[in-house]
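Throughout, a chain's letter reflects where its sequence line sits, starting with A, and its residues are numbered from 1. Computed from heavy atoms alone, side chains included, the values below leave out hydrogens, waters and symmetry copies.
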2 protein chains.
Amino acid sequence: MDLAVFDINHVSSLAPAVSREEAGPSPCSACKIRNLTICAPLNDAEQAQMAAIVSHVELEGGAPLFDEGEPADHVYNVTSGTLKVYKLLPDGRRQVTGFLLAGDFLGLANEDDYAYSAEAVTHCSLCRFPRRKLEILMQRFPKVEQRLLSIASNELAAAQEQMLLLGRKTAREKIASFLLLLANRARQRGMSDSPVSVPMSRTDIGDFLGLTTETVSRTFTQLKQGNLIRLLPNGLVELSAREDLEDIAGGF
Amino acid sequence: MDLAVFDINHVSSLAPAVSREEAGPSPCSACKIRNLTICAPLNDAEQAQMAAIVSHVELEGGAPLFDEGEPADHVYNVTSGTLKVYKLLPDGRRQVTGFLLAGDFLGLANEDDYAYSAEAVTHCSLCRFPRRKLEILMQRFPKVEQRLLSIASNELAAAQEQMLLLGRKTAREKIASFLLLLANRARQRGMSDSPVSVPMSRTDIGDFLGLTTETVSRTFTQLKQGNLIRLLPNGLVELSAREDLEDIAGGF
DNA sequence: GCTTAGCATTGACCTAAATCAAGGAGCCCG
DNA sequence: CGGGCTCCTTGATTTAGGTCAATGCTAAGC
């Protein structure tokens, strides 16, 4: 793992393990996913200034990062692993609004509090920035602010796509869209897109797609029986007929 | 109407009427909703530079502003009226991703093309900015970029709230949420929040909430019979029991 | 004042997905 | 190696909301 150097700080509990950088070379210079992060537009000298305010967080799968309503003191960049962000209704109904992979940014909040909860799906590592300090740094580096605006624009487009899915697609179309979303994001990150890794539970997938666990499971079975996918061990899913899946996902 | 001065350019067709400023005082200095727009953070001198690149657009109710997939050459600030933005599936299923009121910004697109279509619901006026020129101006005025980031963050939070609605709320909860959303936005703009103006059709509301026209209509009737709302002429809806509506909308 | 056209409403019926209820499969731990 | 997890799958049944089909209501045009 990229950040193995921080594993000495890893404790085996649900509490996040945080470490600040000691003297020595910034690990950012070795960051393999920098081009996906908010640090992308910075040169080495500028990046050193970012490194000065960053700390690192490691999370066990299942560990919470923050909860909706907490003061939004930090923002994060995922460096490895998968997280989910979600909102709850008082009776426990849950909507997962996104799954975050390496390079993804989270914690953007215009108000003072987080608008959603975030929790690790798999073991995760993240870069943590104090929001206040990042704001000051952004005034010095408008490039970072531009980058953040660009990230926010992309997320907004993705959110609208997800609204189309939630409001107007069938269970079959939702599952096909979901698998292709995961596959495309894996490919962007240089990981296998078939078989694609699906590390989250059926319940998480259902809460992301506005379905129940049972419907998710049945729909997987149905796609499997139509030879569109194959379910492999360890949460791997082979997309055997991507073209067909794309037609289904697109509503054709 | 604030911008009556432009009515000489108004033509009675579905094509948008566009006018550039002649010499003379900028109408921006008289803009009553400036504090809601991207111009909010600018002083008079800076605003004059914005005025130099802005043009004005008037739309009839029902007239399209742009379509999904068109090159995103302009961004807009609504100055009066209501628009809807939406995405379509190939078979015509439609998801309205938002209704835009005075002060709202639209056209943000990280890619080169608009990710959604925009169409006037009522007669609308908008300020139009060439995207390229605005980008150059933003480099000169980082305050505008900050403002845009702040707008995007708010929209992102609203989008997540809408995902919760689409994925997990019942028809009754959706309609109650929708009426309160309209009422709150009307109040922010100094307009009546009860009765609140609901200028869009049942079909548009359904396409926003992931419901059919019939279900929207039935749910309005049901709320009316429970004395939670009253349906008045001209698309006005009185919120007779706002507390109860808030409980319903919140999922209690 | 009649006709046409576009919403909005209402009723009857249907269906996709939810709910309720067992089982099964893998995994950890004693 | 067996008991107790948790998660996944499958089956039977229910139901919220969709679909289909009239009927009303308002406004515009002649």
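Salt bridge B:D104/B:R189: present, at least one basic N to carboxylate O contact under 4.0 Å. A salt bridge is defined here as a Lys NZ or Arg NE, NH1 or NH2 lying under 4.0 Å from an Asp or Glu carboxylate O, and B:K84 with B:D207 fails to meet this definition.
The interatomic distance linking A:M200 (CE) with D:dT6 (C1') rounds to 18 Å, in whole Å. Nucleotide C:dA16 holds its P atom 13 Å from the CZ atom of B:R93, rounded to whole Å. The separation between B:L209 atom CG and D:dG18 atom C1' is 15 Å, rounded to whole Å. Nucleotide D:dT6 holds its P atom 15 Å from the CG atom of A:D204, rounded to whole Å. The interatomic distance linking A:L166 (CG) with C:dA17 (P) rounds to 13 Å, in whole Å. Atom CZ in A:F220 sits roughly 16 Å away from atom P in D:dC7 (whole-Å rounding). Atom CG of B:L223 and atom C1' of C:dT10 are 16 Å apart (whole Å). If you measure from atom CZ of B:R202 to atom P of D:dG24, you get 19 Å, rounded to the nearest angstrom.
B:S197 has its side chain out of reach of B:M191: every pair of non-hydrogen atoms, C-beta onward, lies at least 4.5 Å apart. Here the side chains of A:H56 and A:R128 are not in contact, with every heavy-atom distance at 4.5 Å or above.
The base of D:dC20 is paired with the side chain of B:E214 by a donor and an acceptor separated by under 3.5 Å. A:R218 contributes a side-chain N or O that forms a donor-acceptor pair with the base of C:dT19 under 3.5 Å.
DNA chain D is contacted by B:T170, B:A171 of residues 168-175 of chain B, taking any non-hydrogen atom closer than 4.0 Å. Contact check of residues 226-240 of chain A against DNA chain D (heavy atom, cut-off under 4.0 Å) returns A:L231.
Side-chain nitrogen and oxygen atoms of A:S201 include none within less than 4.0 Å of the OP1 or OP2 phosphate oxygen of D:dT6. For the OP1/OP2 pair of D:dC7 and a distance below 4.0 Å, the side-chain nitrogens and oxygens of A:T213 include no atom meeting the criterion. An OP1 or OP2 oxygen of D:dG17 is reached within less than 4.0 angstrom by no side-chain nitrogen or oxygen of B:T212.
Atom CZ of A:R187 has more than 12 heavy atoms from other residues, nucleotides or ligands within 6.0 Å. Within a 6.0 Å radius of CG in B:D91, more than 12 heavy atoms belonging to other residues, nucleotides or ligands are found.
Counting any heavy atom pair closer than 4.0 Å across all strands shown, A:G210 reaches sugar-phosphate atoms only and no base atom.
The backbone N or O of B:L83 lies less than 3.5 Å from no partner atom in the side chain of B:E119, so there is not a single donor-acceptor pair.
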Full working for salt bridge (charged side-chain N to carboxylate O under 4.0 Å, His left out) between A:D204 and A:R94: CA-CA 9 Å; A:D204 285 345; A:R94 194 172 65 136; 2.7 Å; yes
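For B:S217, the side-chain atoms get nearest to C:dT10 when compared with the rest of D:dT9, C:dT10, D:dG17. When distances are taken from the side chain of B:L211 to each of C:dT9, D:dG17, C:dA18, the shortest belongs to D:dG17.
Classification of the A:F66-A:Y114 ring pair by plane angle, with boundaries at 30° and 60°, yields parallel.
Cation-pi geometry between A:R185 and A:F99 is not met at under 6.0 angstrom from the ring centre and within 45 degrees of the axis.
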